[in-house]
2 protein chains.
Amino acid sequence: MTTTGLGGAALGAFRARFGEALSTADAALDAHGRDESGLEAARPGAVLFARTEADVVDALALAREFRVPVVPFAAGSSLEGQLIPPPGALSLDLSGMTRVLEVRPGAFQATLGGMASTNASGTAAVRYGTTRENVLALRVALMDGRVLSLGSRTRKSSAGYDLRHLFLGAEGTLGVITELTVRLWPLPAARLALRCAFPDVGSAAQAATAVIGASAQPERLELMDARGLRAVNRHLGLQEPEVPTLWIELAGASAGALEDVRALCEELCRDAGALDVRVARQPEELEALWRARHHAFYALKALYPGDAFLSTDLCVPLDALPEILTFTEEGLRAEGLDASVLGHVGDGNFHVLFHAPPGSGDWARIDALYARLVERTLALGGTCSGEHGVGLHKRRFLRAQHGDAVDLMREVKTLLDPLNLLNPGKVLPDPASG
Amino acid sequence: MTTTGLGGAALGAFRARFGEALSTADAALDAHGRDESGLEAARPGAVLFARTEADVVDALALAREFRVPVVPFAAGSSLEGQLIPPPGALSLDLSGMTRVLEVRPGAFQATLGGMASTNASGTAAVRYGTTRENVLALRVALMDGRVLSLGSRTRKSSAGYDLRHLFLGAEGTLGVITELTVRLWPLPAARLALRCAFPDVGSAAQAATAVIGASAQPERLELMDARGLRAVNRHLGLQEPEVPTLWIELAGASAGALEDVRALCEELCRDAGALDVRVARQPEELEALWRARHHAFYALKALYPGDAFLSTDLCVPLDALPEILTFTEEGLRAEGLDASVLGHVGDGNFHVLFHAPPGSGDWARIDALYARLVERTLALGGTCSGEHGVGLHKRRFLRAQHGDAVDLMREVKTLLDPLNLLNPGKVLPDPASG
């Protein structure tokens, strides 16, 4: 579908309504033309800094009138090209809409609206669920001018179709979320963590599945491979053992209540072949124990400053985790690629952080291995994205994963955005190719 | 929309395809014309006992061809008239589709497909979520002949629109679920329960919110009022204290891990004014402790054999629970109604079990109080249905609860069932009235 975009008449109309809140300054256009995917940037036609739901509604009305594509934007931290604007698009910056509350469950430098739009999660999802499970209600501005309230503040409801979930994870392609009601969880009174060193990634994965299967209900259950620890040691000057490592965090209503579970987890890890288990109970010990894991992503980026990075986001059923991780290890070894594996393995979700100089011959091998990993993941009943979303990057995998359901996704898109103005070209595969 | 229903030609075509699996026997028609709502029964035109997904697909194709309304049916235990057929409908009995697994999370005499279609839950939802949160994937037969697979076996996914949730809780009005992949949870190794007696319902509700707020993460958290206990004592010959009572069940990886949480819960209950706290740890003690709660519904029904029953299914945000329960108590007292209050209060969900002889003058007062309870519930941010669904009964509340979102629900219905053949007249309010 062709769109006229933000030409002179449209720009004039937007400026008349929004004044200073509309920017075409170079700095604003540059900042709103990229995300953290590393995909090629592209400037939007203008940036609108929305402050209220009325701003959003009026912007969509003008976009409809002048056929301007709209890309909702907040922190700019998406990882799959969700925020790269098509030509002449309006970047609708919602980061000013923070009234009443800020809640940041897990991810750093992300906004709640952005997390809802990609159904993002992170280390705490194994215990508290993803963003989807924690959004009780939302308000969404539709392309036709309606603003709907979906869901309620209750913990459960069976009153009519649950339309909330259409908009969660839709990456701004079906409507613009203007308000979110999120579930808050009490902070547990007591907390402890174990860090367990393993001889290989497969045995670490075995231990992870055993911990979940034993109903230990950890707060976090994270894996990092030897290459990741090597990078963190070098970057932060640490002396952590450079072997596959599992972190298990437990929390509860009292310190006493945790010790039996701690002993159980330790036993399960040793049964799976753990070489060493360390335990932290005090806040500063906990921070030190977690330090390597928390800094992994940026340590790797800092260590290879000239390189481009590409992170997978595969997720498999838990019983398939040892198999897919071993398959990944073998693939990396066979291709001679220096990529790091880390992940939220309590959920079966892991990232392979590929990196190589831009334009290097490594990228063809990386792309081929990535495709093989996706293929095996889907064969195991998994998903091409556990938490990062689809954006531009993973559209090519959607048909293989969802089959004919992609057609129904497209029909829902047409129902809600018949002019294809809301973040066009994201999530759904190109009609020509899939 | 008018439909021709199961006339001679249609009946002949169904019989030609399905033979003995299609029944028009009186017993079958009677058994498929009612549910547990107490609403007036109405016979379907015929009953098809489906065995396979192909049966479902072919039945929908014939229904499309002959314009026959279809009502998916399984255990017949729905509570809001979901299964009452319109004239000439086909009752599509899916209860034979039990291949591979039977999983029965909580409710008695319900099927998994029926629970998915109403997003049903029960006592364990406070810890494990409702059916919605435990369906990882499903296959659904659409009215246009497509059969789609939605979701995956993984614990999380951000790969495209999540269409699963459209069909969960849709009560068979958007498609017919033919296969479900549900999340299994490990059985905890250790379990204990507390039963706490309170001077009034308000203080019991205070204790319930305190237990949730303290992160005690109970497996169940149930309330029953004095009238309910009186009925159970009389029916089962028990001598339980006839005061508002809270049950708290805890579970974990070891018995030792539970004792601190048990002490915390006991303290919170006493702080809220508990008169008495009893603890059970062994399986037979646990069963005895829970007996009164488990038998409440049928004890009340057996005690008033001639009466008609009507159960509300309201659910409020947890902080509003003491207020709505006190409001309910006052309403019952003011109207002089002998109704019992019980519920899954850890989720803010509770039932008022109204009963009176059919046609008695009590029903006008019951209906008026029910409407006032819904109005107050919605004002508190609650929902008219926590777990029973909408069916015929609650369609009148949908507009007040969801506002304009009802229109989008209707658009989704039209997209998926343009001929309005799938369980027509359920969930969505009459276009004329709302």
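Here is the naming used below: chain letters follow the sequence lines, and residue numbers restart at 1 for every chain.
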Exercise. Is chain B contacted by the side chain of Leu136(A), its backbone, both, or neither, given a heavy-atom distance below 4.5 Å?
Worked result: neither

For this session: Give, as side chain, backbone, both or neither, the part of Val140(A) having an atom under 4.5 angstrom from any heavy atom of chain B.
Result: neither

Exercise. Is it the side chain or the backbone of Phe167(A) that comes within 4.5 Å of chain B heavy atoms, both, or neither?
Worked result: side chain

Exercise. Between Leu264(A), Leu174(A), Val412(A), Leu258(A), which shows the greatest number of heavy-atom pairs under 4.5 Å with chain B?
Worked result: Leu174(A)

For this session: Name the region of Ala189(A), side chain, backbone, both or neither, that has any atom closer than 4.5 Å to a heavy atom of chain B.
Result: neither

For this session: Name the region of Asn349(B), side chain, backbone, both or neither, that has any atom closer than 4.5 Å to a heavy atom of chain A.
Result: side chain

For this session: Taking atom types as modelled, find out whether His388(B) and Gln82(B) have a side-chain donor-acceptor pair closer than 3.5 angstrom.
Result: no

Problem set entry | Options Ala170(B), Gly256(B), Cys315(B), Gly169(B), ranked by heavy-atom pairs under 4.5 Å with chain A, top entry | Cys315(B)

Exercise. Asp313(B) and Ser385(B): side-chain donor and acceptor closer than 3.5 Å?
Worked result: yes

Problem set entry | Derivation and outcome, side chain to side chain donor-acceptor pair (under 3.5 Å), residues Tyr128(A) and Ser121(A) | CA-CA 10 Å; Tyr128(A) 299 99; Ser121(A) 52; over 6 Å; no

Exercise. Hey, which residues of residues 149-159 of chain B are touching chain A, say heavy atoms under 4.5 Å apart?
Worked result: Ser149(B), Leu150(B), Ser152(B), Arg153(B), Thr154(B), Arg155(B), Lys156(B), Ser157(B), Ser158(B), Ala159(B)

For this session: Identify which part of Leu380(A) has an atom lying under 4.5 Å from any heavy atom of chain B, answering side chain, backbone, both or neither.
Result: backbone

Exercise. Hey, which of Glu259(A), Gln217(A), His344(A), Arg164(A) has the most heavy atom pairs under 4.5 Å with chain B?
Worked result: Gln217(A)

Exercise. Can you check whether Gly391(B)'s main-chain N or O pairs, donor with acceptor, with Glu171(B)'s side chain at less than 3.5 Å?
Worked result: yes

Exercise. What is the minimum heavy-atom distance between Leu398(A) and Val390(A), and which atoms define it?
Worked result: CD1-CG2, 3.8 Å

For this session: Using a strict cut-off of less than 4.0 Å between a Lys/Arg side-chain nitrogen and an Asp/Glu carboxylate oxygen, indicate whether Asp407(A) and Arg399(A) qualify as a salt bridge.
Result: yes

Exercise. Between Arg396(B) (side chain) and His393(B) (backbone), is there a donor-acceptor pair under 3.5 Å?
Worked result: yes

Exercise. Distance-only, no hydrogens or angles: does the His351(B) side chain make a donor-acceptor pair with backbone N or O of Gly343(B) under 3.5 Å?
Worked result: no

Exercise. Does a salt bridge link Glu323(A) with Arg376(A), judged by any charged N lying under 4.0 Å from a carboxylate O?
Worked result: yes

For this session: Could you tell me which portion of Gln401(A) (side chain, backbone, both or neither) has an atom closer than 4.5 angstrom to a non-hydrogen atom of chain B?
Result: side chain

Problem set entry | N/O donor-acceptor pair under 3.5 Å between Glu133(A) side chain and Thr130(A) backbone | yes

For this session: Mark yes or no for whether Asn134(A), through its side chain, and Leu184(A), through its backbone, hold a donor-acceptor pair below 3.5 Å.
Result: no

Seminar exercise, completed: From the list Asp404(A), Leu415(A), Val261(A), the residue making the most non-hydrogen contacts under 4.5 Å with chain B is Leu415(A)

Problem set entry | Residue part contacting chain A, namely of Ala125(B), when any heavy atom lies under 4.5 Å | side chain

Seminar exercise, completed: Honestly, the part of Leu416(B) sitting under 4.5 Å from a heavy atom of chain A is side chain

Problem set entry | Segment of Arg132(A) engaging chain B (4.5 angstrom heavy-atom cut-off) | side chain

Seminar exercise, completed: side chain to side chain donor-acceptor pair (under 3.5 Å) filter on Arg146(B), not counting sequence neighbours, yields Glu411(A), Asp144(B)

Problem set entry | Between Asn119(A), Asp347(A), Leu166(A), Val427(A), the one whose heavy-atom pairs under 4.5 Å with chain B are most numerous | Asp347(A)

Exercise. Is there a donor-acceptor pair under 3.5 Å between the side chain of Asp417(B) and the backbone N or O of Gly175(B)?
Worked result: no

